[in-house]
Amino acid sequence: MISLKKIAMLAVISTSVFAIAAGCSNNQKTASAASESKTQTVQEVATIPTSNSLKEEPMKYNGQTRKVVYLTFDDGPGPYTAKVLDVLKQNNIKATFFLIGSHAEQYKDLVQREVKEGNYVGMHSMSHDYKKLYVQGSFVSEMTEDQQIIKNITGTEPHLVRPPYGSMPGLNQQLRDQTANAHLKVWDWTVDSLDWKYNNVPTDKSVPAIVQNVVAEAKGNREVVLMHDIHPQSLAALPEVIKALKDKGYEFEAYNEQDHFSLNFWHDNRL
């Protein structure tokens with residue numbers, strides 16, 4: 001028979017064993033929780049965009065990446081620019097306009113309105129002539145002349161240019177070096193509406209084609225759409241382009257020099 005003294009001793013030993021086990025279990029849980037917390041903190045820090053990554057993709061909000069589109073208009077101002085601005089204003093949208101110098105001088109009031117309503121105004125040369133710009137090498141001189149015209153009209157000095165016909169192949173290494181030395185930035189595009197192709201096409205056919213061109217190509221989280229504000233079919237298609245892009249979840253922004261990101265066909269990060 002087991003004595004009462006032995007029973008008491010066994011009870012004490014059992015209680016100690018349970019206490020040690022419980023303590024180990026609690027320590028493991030605490031260590032595990034600390035580890036999870038540390039891992040979560042590292043993951044959160046890792047998802048915060050760096051200054052470089054902000055230029056590579058739009059900001060994230062509530063865990064969702066914003067889909068941002070930049071509507072850009074070349075060759076203006078012109079007879080349809082005022083109505084283009086009306087459509088943008090009605091939709092509370094800011095856009096980016098690349099101006100030809102002589103057109104800017106002809107429509108000074110429209111240039112002023114573009115800036116006043118929060119749009120960005122950049123340069124698109126004086127001549128829009130491929131040979132003069134790229135073969136004869138007047139690209140930078142034309143852009144800086146255009147820049148001065150815009151500054152005289154608006155009081156602002158823009159630095160973003162849109163090369164006529166795109167930067168490739170015309171904007172060779174020598175011209176790109178000159179452009180960088182002049183502190184100019186270059187934007188090409190990611191989506192071409194091809195609106196200029198439909199100058200002699202009825203709007204009932206040109207508008208759906210332009211909208212389809214944009215919608216089919218707009219697939220990324222950040223898109224830059226090339227349009228023109230000098231063609232009637234471009235104006236006619238604009239409301240439907242805006243609606244189609246909204247339906248795809250895009251927000252609209254104008255170019256901001258403080259948030260510049262490189263977008264040229266040469267992938268020249270200086271520009």
Side-chain angles (χ1 to χ4, degrees), residues 54-98 114 117-122 124 160 162-168 186-256 259-265 267:
L54 290 179
K55 297 180 181 181
E56 294 169 358
E57 64 178 27
M59 286 286 290
K60 295 183 178 180
Y61 292 99
N62 298 323
Q64 299 295 318
T65 300
R66 296 176 62 215
K67 295 177 66 175
V68 179
V69 63
Y70 296 81
L71 293 179
T72 68
F73 298 90
D74 287 8
D75 295 352
Y80 304 100
T81 302
K83 292 185 178 180
V84 166
L85 288 169
D86 289 343
V87 173
L88 295 174
K89 190 173 183 179
Q90 290 165 6
N91 286 274
N92 194 29
I93 288 173
K94 316 300 181 188
T96 303
F97 292 85
F98 293 102
E114 286 170 348
E117 294 183 357
N119 303 288
Y120 182 89
V121 171
H124 198 46
L160 185 66
R162 164 72 55 77
Y165 313 105
S167 66
M168 187 176 282
V186 173
W187 253 20
D188 284 311
W189 55 87
T190 63
V191 176
D192 190 346
S193 69
L194 299 175
D195 53 354
W196 56 273
K197 281 190 171 184
Y198 304 96
N199 281 335
N200 298 313
V201 178
T203 55
D204 62 333
K205 294 183 178 179
S206 63
V207 168
I210 293 169
V211 174
Q212 178 58 28
N213 290 341
V214 173
V215 171
E217 294 299 320
K219 301 174 182 177
N221 290 328
R222 180 168 61 196
E223 301 287 4
V224 175
V225 178
L226 168 62
M227 298 187 71
H228 299 78
D229 54 326
I230 61 169
H231 303 306
Q233 68 272 17
S234 307
L235 169 62
L238 182 57
E240 294 191 31
V241 167
I242 291 172
K243 181 180 183 304
L245 290 171
K246 284 183 177 179
D247 289 344
K248 293 192 75 170
Y250 283 98
E251 301 174 48
F252 296 80
E253 290 188 3
Y255 174 78
N256 184 333
D259 297 320
H260 174 75
F261 56 91
S262 182
L263 180 64
N264 61 84
F265 298 145
H267 304 290

For this session: Check salt bridge (Lys or Arg N to Asp or Glu O under 4.0 Å) between Glu253 and all other residues, then give those that pass, not counting sequence neighbours.
Result: Arg66
Problem set entry | His231 side-chain N/O to Trp196 backbone N/O, donor-acceptor pair under 3.5 Å | no
For this session: Could you tell me whether a side-chain N or O of Ser234 sits under 3.5 Å from a main-chain N or O of His228, the two making a donor and an acceptor?
Result: yes
Problem set entry | Exercise: identify the closest heavy-atom pair between Val211 and Ala237 | CG2-O, 4.1 Å
Exercise. Do Leu238 and Tyr80 have side-chain heavy atoms sitting under 4.5 Å apart?
Worked result: no
Exercise. Does the separation of the ring centres of Tyr120 and Tyr70 fall below 6.0 angstrom?
Worked result: no
Seminar exercise, completed: With sequence neighbours left out, the residues meeting side chain to side chain donor-acceptor pair (under 3.5 Å) with Asn119 are none
For this session: Can you measure from CG (Leu85) to CG (Asp229) and round to the nearest 0.5 angstrom?
Result: 8.0 Å
For this session: For side chain to side chain contact (heavy atoms under 4.5 Å, CB included), just list the numbers for Val225 and Phe252, CA-CA rounded to whole Å, side-chain angles, deciding distance to a tenth of an Å, and then say yes or no.
Result: CA-CA 11 Å; Val225 178; Phe252 296 80; over 6 Å; no
For this session: State the NZ-CD distance between Lys67 and Glu223, to the nearest 0.5 angstrom.
Result: 9.0 Å
Exercise. Which residue pairs satisfy the side chain to side chain donor-acceptor pair (under 3.5 Å) criterion with at least one member in residues 84-93, sequence neighbours excluded?
Worked result: Asp86-Arg113
For this session: Using the salt bridge (Lys or Arg N to Asp or Glu O under 4.0 Å) rule, collect all pairs that involve residues 191-218, keeping only residues at least two apart or in two chains.
Result: none
For this session: Can you sort out the partners of Asn264 under side-chain contact (heavy atoms from CB on, under 4.5 Å), two or more places apart, ordered by chain and number?
Result: Ser167, Val186, Asp188, Ser262, Trp266, Asp268, Leu271
For this session: Using modelled atom types only, decide if a donor and an acceptor are shared between the side chain of Thr203 and the backbone of Gln233 within a distance under 3.5 Å.
Result: no
For this session: For Asp247, check side chain to side chain donor-acceptor pair (under 3.5 Å) against everything at least two apart and list the hits.
Result: Lys243
Problem set entry | Heavy-atom closest pair, residues Ala95 and Phe73 | CB-CE1, 3.8 Å
Exercise. Rounded to the nearest 0.5 Å, what separation is found between the CD1 atom of Ile230 and the CG atom of Asp75?
Worked result: 4.0 Å
Exercise. Do any N or O atoms from the side chain of Trp189 and from the backbone of Leu263 form a donor-acceptor pair under 3.5 angstrom?
Worked result: no
Exercise. Do the ring planes of Phe261 and Trp187 sit parallel (below 30°), tilted (30 to 60°) or perpendicular (above 60°)?
Worked result: tilted
Exercise. Is the closest side-chain heavy-atom distance between Leu245 and Leu71 below 4.5 Å?
Worked result: yes
Problem set entry | Qualifying residue, where the test is side chain to side chain contact (heavy atoms under 4.5 Å, CB included) with Ile93 and the options are Ile242, Val69, Val87 | Ile242
Seminar exercise, completed: For Gly118 and Ala254 the tightest heavy-atom approach is O-CB, 4.2 Å
For this session: State, yes or no, whether a side-chain contact exists between Arg222 and Thr190 at a heavy-atom distance under 4.5 Å.
Result: no
Exercise. Is there a donor-acceptor pair closer than 3.5 Å between any side-chain N or O of Ser206 and the backbone N or O of Tyr198?
Worked result: no
Exercise. Going from CG on Leu226 to OG1 on Thr96, what distance comes out if it is rounded to the nearest 0.5 angstrom?
Worked result: 12.0 Å
Exercise. Rounded to the nearest 0.5 Å, how far apart are CD of Glu114 and OG1 of Thr81?
Worked result: 6.0 Å
For this session: Could you check if a side-chain atom of Glu117 sits within less than 4.5 angstrom of a side-chain atom of Leu88, using non-hydrogen atoms only?
Result: no
